[in-house]
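Below is one structure, written out as structure tokens; the observations come after it.
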Protein chains: 2
Amino acid sequence: MEKDLCLLKSLIHRYEVANFVVERGLHVKVKDLMPEELTVDQFKTLRFLRHNVNSTASELAQFFCVGKSSITAIITRLSDKGLLDRVPDDGDRRVIHLKLTEEGERISSLLEERVQNVLADLIEHFDEKEAIAFIETFEKLAKVVKAAL
Amino acid sequence: MEKDLCLLKSLIHRYEVANFVVERGLHVKVKDLMPEELTVDQFKTLRFLRHNVNSTASELAQFFCVGKSSITAIITRLSDKGLLDRVPDDGDRRVIHLKLTEEGERISSLLEERVQNVLADLIEHFDEKEAIAFIETFEKLAKVVKAAL
DNA sequence: ATCGAATAGTTCAACAATAGAATTAATGAG
DNA sequence: CTCATTAATTCTATTGTTGAACTATTCGAT
């Protein structure tokens, strides 16, 4: 009991430390990849829209766990930059679909590739077996986290 | 070659997805634990100062990978709330040490415990062996990320 | 010992992200 | 038809962030 509790606390602390370093470090590395005119959050929005065609502001808000007014702000900035268009739905005139422009597609896919290259460089420090085991546990964790929301 | 590249890309994609869910989900869960008057970033600053007594603004800036003016802003807010004090160094009058007040200590340790409880609930979904293997790889990753900055 | 470079911290202006309340417009259920 | 609901926007305020300019202090090379 005593020992288990101690182990648990130790694991939690180690997780907190490692998580902080990875999160902060990756954020900085991704930020360095961004062109002058794009923030990391804006890139993540473009990336989501590239892989979820015809999404709406509400879907983005749910995915990113923020209020809809945040999404309005961010898509307005992206629209002003000419990276996406607001396309009204034919059936329900309340809903607005978000569609990347050609330039939005281009820049998003370019940046996605760059980010993947950064991650590839990191993953190559691990042997295949360890990487797979890690990601499998990570996915379980993601599932547990999602369920706990 | 072809197969390895494909595996790598698949692993990267799985990592990106899982990482997003975990990061966003944990942020929301931690935010829910915060009292009215404290943001998550402010809590993280208090937590750092509790475990790194006598730190300075420069050390905080380096740790959080942000500019010093961001740190000035955040510690001014925490100081205004009475959660920390600026204590000038005796030797070098340029440096200001940051010291939690009693209330800062109290609230930080309280919140730290709550956050750890959230993490404990998550970790208990995994058997000991898997959790340890996961965290060991995670720490390796943190080391690689840190080295790549 | 002094003068210029470097360092620690702050200030200021600008911008991005966010929350939350109020608003508009359209849909849907009784 | 009316009223509640839904999708999106607007507006205000706050927080975090950057980068440049600034103050005060210390350090180092001559």
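Proteins come first, then strands; the chains are lettered A, B, ... in the order of their sequence lines, and each starts at number 1. From a predicted model like this one, the values you see are computed outputs, not experimental measurements.
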Checklist entry - For D:dT14, does either OP1 or OP2 sit under 4.0 Å from a side-chain N or O belonging to B:R77? => result no
Checklist entry - Can a side chain N or O of B:T72 be found less than 4.0 Å away from OP1 or OP2 on C:dT11? => result no
Checklist entry - Can you find a side chain N or O atom of A:S58 that sits less than 4.0 Å from OP1 or OP2 on D:dT6? => result no
Checklist entry - Taking atom P of D:dC27 as reference, at what distance in whole Å does atom CZ of B:R93 sit? => result 12 Å
Checklist entry - Under 3.5 Å, is there a donor-acceptor pair linking the side chains of A:R94 and A:T56? => result no
Checklist entry - Can you find a heavy atom in the side chain of A:D85 that is under 4.5 Å from one in the side chain of A:H97? => result no
Checklist entry - Do B:R93 and B:D89 come within less than 4.5 Å of each other through their side chains, counting heavy atoms only? => result no
Checklist entry - With a 4.5 Å limit on heavy-atom distance, are the side chains of A:I74 and A:L60 in contact? => result no
Item to check | Degree of bending, the helix from C:dA1-D:dT30 to C:dG30-D:dC1 (end axes from five pairs; round to 10°) | outcome: 20°
Item to check | Protein-nucleotide distance (A:L98, atom CG; D:dA8, atom P), rounded to Å | outcome: 8 Å
Checklist outcome for this item: Note: contacts of residues 34-45 of chain A with DNA chain C (heavy atom, under 4.0 Å) are A:T39, A:D41, A:Q42
Checklist entry - Separation of B:F63 atom CZ from D:dG16 atom C1', in whole Å? => result 17 Å
Checklist entry - Does the side chain of B:S70 get closer than 4.0 angstrom to OP1 or OP2 of D:dT18 through an N or O atom? => result yes
Checklist entry - Within less than 4.0 Å of OP1 or OP2 of D:dT18, is there a side-chain N or O belonging to A:K31? => result yes
Checklist entry - salt bridge (Lys or Arg N to Asp or Glu O under 4.0 Å) between A:R14 and B:E139: does it pass, once the steps are laid out? => result CA-CA 8 Å; A:R14 289 167 66 189; B:E139 285 173 331; 2.8 Å; yes
Next on the checklist: Using whole Å, what does the distance between atom C1' of nucleotide C:dT7 and atom CD of B:E59 come to?
Outcome noted: 13 Å
Checklist entry - Do we see a donor-acceptor contact under 3.5 Å between the side chains of B:R47 and B:S109? => result no
Next on the checklist: Reading DNA chain C from 5' onward, which residue's closest nucleotide shows up sooner: A:G91 or A:K68?
Outcome noted: A:K68
Item to check | Residue mapping more 5' on DNA chain D - nearest nucleotide basis, B:R94 or B:G67 | outcome: B:G67
Checklist entry - Hey, are the side chains of B:L78 and B:L46 touching, using non-hydrogen atoms and a 4.5 Å cut-off? => result yes
Checklist entry - For the pair made of CD in A:Q62 and P in D:dA8, what is the distance, rounded to whole Å? => result 12 Å
Checklist entry - How about B:D80: does its CG atom have over 12 heavy atoms from other parts shown lying under 6.0 Å from it? => result yes
Checklist entry - B:D92 CG to D:dA24 C1': how many Å, rounded? => result 10 Å
Checklist entry - So B:F134 and A:F134, would you call those rings parallel, tilted or perpendicular, with 30° and 60° as cut-offs? => result parallel
Next on the checklist: When you measure from the side-chain N and O atoms of A:S69 to the phosphate of C:dA21, is any distance below 4.0 Å, counting only OP1 and OP2?
Outcome noted: no
Checklist entry - So what does B:T76 touch, heavy atoms closer than 4.0 Å: a base, only the sugar-phosphate, or nothing? => result nothing
Next on the checklist: Regarding A:I74, tell me which of base, sugar-phosphate or nothing describes its non-hydrogen contacts under 4.0 Å with the strands shown.
Outcome noted: sugar-phosphate
Checklist outcome for this item: Those residues at least two apart in sequence (or on a different chain) that pass side chain to side chain donor-acceptor pair (under 3.5 Å) with A:E112 are A:R50, A:H51, A:S108
Next on the checklist: Taking any heavy-atom pair under 4.0 Å as a contact, classify B:A57: base, sugar-phosphate, or nothing.
Outcome noted: sugar-phosphate
Checklist entry - Can you check the A:I96 CD1 to D:dT9 P distance for me, whole Å? => result 6 Å
Next on the checklist: From C-beta outward on A:R86, which listed nucleotide comes closest to its side chain: C:dA26, C:dG9, D:dT9?
Outcome noted: D:dT9
Checklist entry - Which whole-number value in Å describes the distance from B:L60 CG to C:dG9 C1'? => result 12 Å
